Amino acid sequence: MSLDKHEMAALVARDIRPGSFVNLGIGQPTLVADHLPADAGIVLHTENGMLNMGPAATGALIDPDLINAGKVPVTELPGSAYFHHADSFAMMRGGHLDVCVLGAFQVSARGDLANWHTGEPDAIPAVGGAMDLAVGAKNVYVMMTLFAKDGTPKLVPDCTYPLTGLGCVDRVYTDLATFVIAPEGVVVRETYGITFAELGERLAVPLLRLDG
Amino acid sequence: MSLDKHEMAALVARDIRPGSFVNLGIGQPTLVADHLPADAGIVLHTENGMLNMGPAATGALIDPDLINAGKVPVTELPGSAYFHHADSFAMMRGGHLDVCVLGAFQVSARGDLANWHTGEPDAIPAVGGAMDLAVGAKNVYVMMTLFAKDGTPKLVPDCTYPLTGLGCVDRVYTDLATFVIAPEGVVVRETYGITFAELGERLAVPLLRLDG
Amino acid sequence: MTAVCCDTVAEAVAGIRDGSTVLIGGFGLAGMPVQLIDALIGQGATDLTVVSNNAGNGDTGLAALLAKGRVRKMICSFPRQSDSWVFDGLYRAGRIELEVVPQGNLAERMRAAGAGIGAFYCPTAVGTPLAEGKEIREIEGRTYVLEYPIKGDVALIGAHRSDRMGNLVYRKTARNFGPVMATAGELVIAQVSEIVETGELDPEAIVTPSIYVDRVVAA
Amino acid sequence: MTAVCCDTVAEAVAGIRDGSTVLIGGFGLAGMPVQLIDALIGQGATDLTVVSNNAGNGDTGLAALLAKGRVRKMICSFPRQSDSWVFDGLYRAGRIELEVVPQGNLAERMRAAGAGIGAFYCPTAVGTPLAEGKEIREIEGRTYVLEYPIKGDVALIGAHRSDRMGNLVYRKTARNFGPVMATAGELVIAQVSEIVETGELDPEAIVTPSIYVDRVVAA
């Protein structure tokens, strides 16, 4: 069976080591937070200037001065810290985050990432912090469906959409399979509701099987 | 009569506008603080990370965690703020200080400053924050005796000592005269116990007279 | 010079000239100096370049300034939002210029302006369309793009509290761009919820020291 | 990874390797992590490059580390002090290498290392002996020197208090280089007066967030 977005989020969460500092991108990646064990001491970063962000705020806990990068009201956990934007992005770009989880339009076999612009000529460009996260985090995990709505693969030999970062993606979590972008190529770690052979037929990217 | 160091400090203090942010270099420039009017709202910066530094601390007020750039225990005034070294030097280098007052070995007619190294081959070089102050403050005032102990002038056509900064000095306060380093040359503002003509004879620098 | 406490927002924005580059704090609405922007609308300066993370929300604040045709160019990281219809319309009509800057570059370029840095080699955007035409250099095996400072003639920022000297503290994630813009603006104007007596703010917790602030107003 | 609270300073400095570049906080004695330096002396790592504002005072702390011949090179802004006789002797005997760096460059180069900046154009030292041999560039009519990051394998810093996660606050001018070095060190070890429970420090007043700190020890 293919995975739904919650199952994908759970898989990503499973791969995050206790004590890690993590940035979860806007959209589906935020679901990963629901699957992080409460006792693992994993600290969430939001690029608008906070470490140890808590869950989304509801009701009386909503504070317009306390939002995440998606501008959703959130809460603070004990041990949280606030800092300004230059410090926050210095933290990201300086390689201090252990993991960031991002959505993507396309990931290439070499780990190039395209997630900020569809390339449509009339689209208004808007990049936010995506390029900074892509170059900065020690491990960049992408979470996406493996195929676009029109059936075209999103794991591709070369990105056709405008790039966000070069060779920056380490792992790709999709509804049908999880992949590791390794120096020797794209390694299939697990498949869901599809066989390795079927996967190879539907993707134009050479795939390696995980040994053992 | 020539001026003593306290009189020189008083002259410098008189030229600092109310509400200014000021850094006083180690040594004689610290005397300027004694002559700043208490009600002028002048804020002292110390490059080791503080604004609105108060007078030197004595007795029970001495706190080893509260020192100035000369490592002398000082006090804090209401409205003081602490920051780290990168922020402190960003403040200096970004042109936010209104005035800094420095000592000097030599100042050239173009406002080059030499105040960190005598050039002696066996001297251990030590620069501290002098070069950062020289390039950063909006106005750099030098306070020094006009002649070295051996009688050689310290206001010179070209510095022979290793430079601290190029064309950075705006005014020079000495025991015998005060000078403005202007685009058109060195302007003598006031003399003390020496005439303009005598000054011209003893210095190798062309001097202009302050009009009016 | 130490800060001036203004009685009204109109007084706080007095003298902003046509053609100015105006840095406007805030990330979404958090930290957005809404009353200062309204005052700027009233003040009348036009032909502005605005530097802000977003390009306005709904019909108020920055969006209202845009709607009045007072902004020639936006420099921001993320103009396109669910409620950025004012900007979207102007952009599609070719009535506003846009420079999209990665959010970290936006912050770091303003920091550079405030810190006296002439330019810096930055890892972000290498190999992407946002690095096109820019100088590239390899340093210790990694590729960087050369980025230049963004300086403001004016910075409008929102903070939590100020003392009478202009020392500022912020509140939670409303801190965002305020402290950086305060260092990068020539004339820095802060809107705060409250002005307290000098000495009431903890010197260890002041985020923007008074040296950066020219005018404060409680609004 | 979140910080580990160590029971002893020996545990805190375990694993520092010969040949490491060690950033040592403090300006004079304020903020100097004296107990960590003593522990490093006991730990035995040698052939070190030490980056610190000064080059040791009296016969203890950094001066004692120098006296034991464990430092190959000092990178600092101001080695020469009234009580820097240990360094002075080694330097005159040709037994230690010295790189003198303007204090602002020292801070900014470490900040660059921590912030992922590859290099930066800096106004300080233009036209002076300390810019000799360095790349120069004119930008908008001003001349700058290209400066590169200083990264540490280890940073030893002194702070006031830590919580159990490793968030740090400092005290008065003892803050100095600590926060910058915490961003530039690969292994960051903080000596504090007190470790408090997580949640006890004001999130608005934390200067070094836990992400930068690997080990803390009360000493």
Side-chain angles (χ1 to χ4, degrees), chain B residues 26 46-51 53 63-76 80-95 110 112-117 119 122-136 159 161-168, chain D residues 25 27-32 53-55 57 76-82 84 87-88 91-92 98 100-112 114-115 122-131 142-143 158 160 170-184 207-208:
Chain B
I26 297 171
T46 182
E47 60 260 40
N48 53 318
M50 181 184 192
L51 273 173
M53 177 175 66
D63 178 339
D65 284 346
L66 181 46
I67 59 176
N68 67 11
K71 294 171 186 127
V72 174
V74 291
T75 51
E76 63 182 31
S80 62
Y82 297 103
F83 30 85
H84 62 59
H85 246 81
D87 280 350
S88 185
F89 280 76
M91 194 180 283
M92 291 157 67
R93 292 143 56 120
R110 285 180 312 279
D112 297 346
L113 172 67
N115 78 346
W116 73 286
H117 197 298
D122 70 333
I124 298 177
V127 67
M131 290 186 180
D132 304 291
L133 278 168
V135 300
C159 294
Y161 285 7
L163 288 185
T164 306
L166 282 177
C168 55
Chain D
F27 181 87
L29 290 174
M32 179 68 70
N53 188 62
N54 305 110
N57 302 77
C76 65
S77 89
F78 210 83
R80 188 189 64 225
Q81 298 171 94
S82 58
S84 60
F87 174 82
D88 298 359
Y91 180 79
R92 292 193 197 286
L98 170 65
V100 172
V101 177
Q103 204 170 131
N105 288 12
L106 199 62
E108 187 71 15
R109 289 172 64 187
M110 289 191 279
R111 192 229 171 233
C122 171
T124 298
V126 170
T128 79
L130 296 187
R142 194 172 187 195
T143 311
H160 181 43
Y170 300 82
R171 197 169 165 275
K172 302 188 188 283
T173 58
R175 187 184 300 197
N176 59 67
F177 282 97
V180 191
M181 290 180 169
T183 70
V207 175
T208 296

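Throughout, a chain's letter reflects where its sequence line sits, starting with A, and its residues are numbered from 1. Just so we're clear, the structure is a prediction, and the values are computed from it rather than from any experiment.
Smallest separation of non-hydrogen atoms from D/Ala30 and B/Pro64: CB-O, 3.6 Å. The shortest heavy-atom contact between B/Val135 and D/Pro123 is CG1-O, 3.6 Å.
When each of D/His160, D/Arg171, D/Lys172 is checked for a side chain to side chain donor-acceptor pair (under 3.5 Å) with B/Asp65, only D/Arg171 meets the rule.
For D/Arg109, no part lies under 4.5 angstrom from a heavy atom of chain B. The part of D/Phe87 that comes within reach of chain B is its side chain, from C-beta onward, which places non-hydrogen atoms under 4.5 angstrom from that chain. Looking at D/Phe27, the atoms closer than 4.5 Å to chain B (heavy atoms on both sides) sit in the backbone and in the side chain alike.
Annotation: side chain of D/Asn54 is in contact with side chain of B/Lys71 (closest heavy-atom distance under 4.5 Å).
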Q: Please test D/Thr173 against B/Met53 for side chain to side chain contact (heavy atoms under 4.5 Å, CB included), starting from the C-alpha separation and ending with a verdict.
A: CA-CA 10 Å; D/Thr173 58; B/Met53 177 175 66; over 6 Å; no

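Between D/Phe177 and B/His85, the ring-plane angle classifies as parallel under the 30° and 60° cut-offs.
By number of non-hydrogen pairs under 4.5 angstrom with chain D, the leading residue of B/Asp87, B/Asp63, B/Thr46, B/Asp112 is B/Asp63. Taking chain B as the reference chain and counting heavy-atom pairs below 4.5 Å, the highest number among D/Val126, D/Leu98, D/Leu130 is found for D/Leu130. Put simply, of B/Gly49, B/Ala114, B/Ala86, the one with the most heavy-atom pairs under 4.5 Å next to chain D is B/Ala86. Between chain B and the residues D/Asn105, D/Leu106, D/Val207, the largest count of heavy-atom pairs under 4.5 Å involves D/Asn105. With chain B as partner, the option from D/Arg92, D/Met110, D/Arg111, D/Glu108 having the largest number of non-hydrogen pairs under 4.5 angstrom is D/Arg92. Note: D/Asp88 leads D/Asn53, D/Leu29, D/Val101, D/Asp88 in heavy-atom pairs under 4.5 Å with chain B. In terms of non-hydrogen atom pairs under 4.5 Å with chain B, the most contact-rich of D/Pro102, D/Gly127, D/Gly31 is D/Pro102.
Taken from CG in B/Asn48 to CG in D/Asn176, the straight-line distance is 7.0 Å, to the nearest 0.5 Å. In this structure, NE2 in B/His84 is found 8.0 Å from OG1 in D/Thr183, a value given to the nearest 0.5 Å.
Residue-level contacts of residues 123-130 of chain B with chain D, in order of numbering, are B/Ile124, B/Pro125, B/Ala126, B/Val127, B/Gly128, B/Gly129; threshold 4.5 Å between heavy atoms. Residues of residues 88-95 of chain B having a heavy atom under 4.5 Å from any heavy atom of chain D, listed by number: B/Phe89, B/Arg93.
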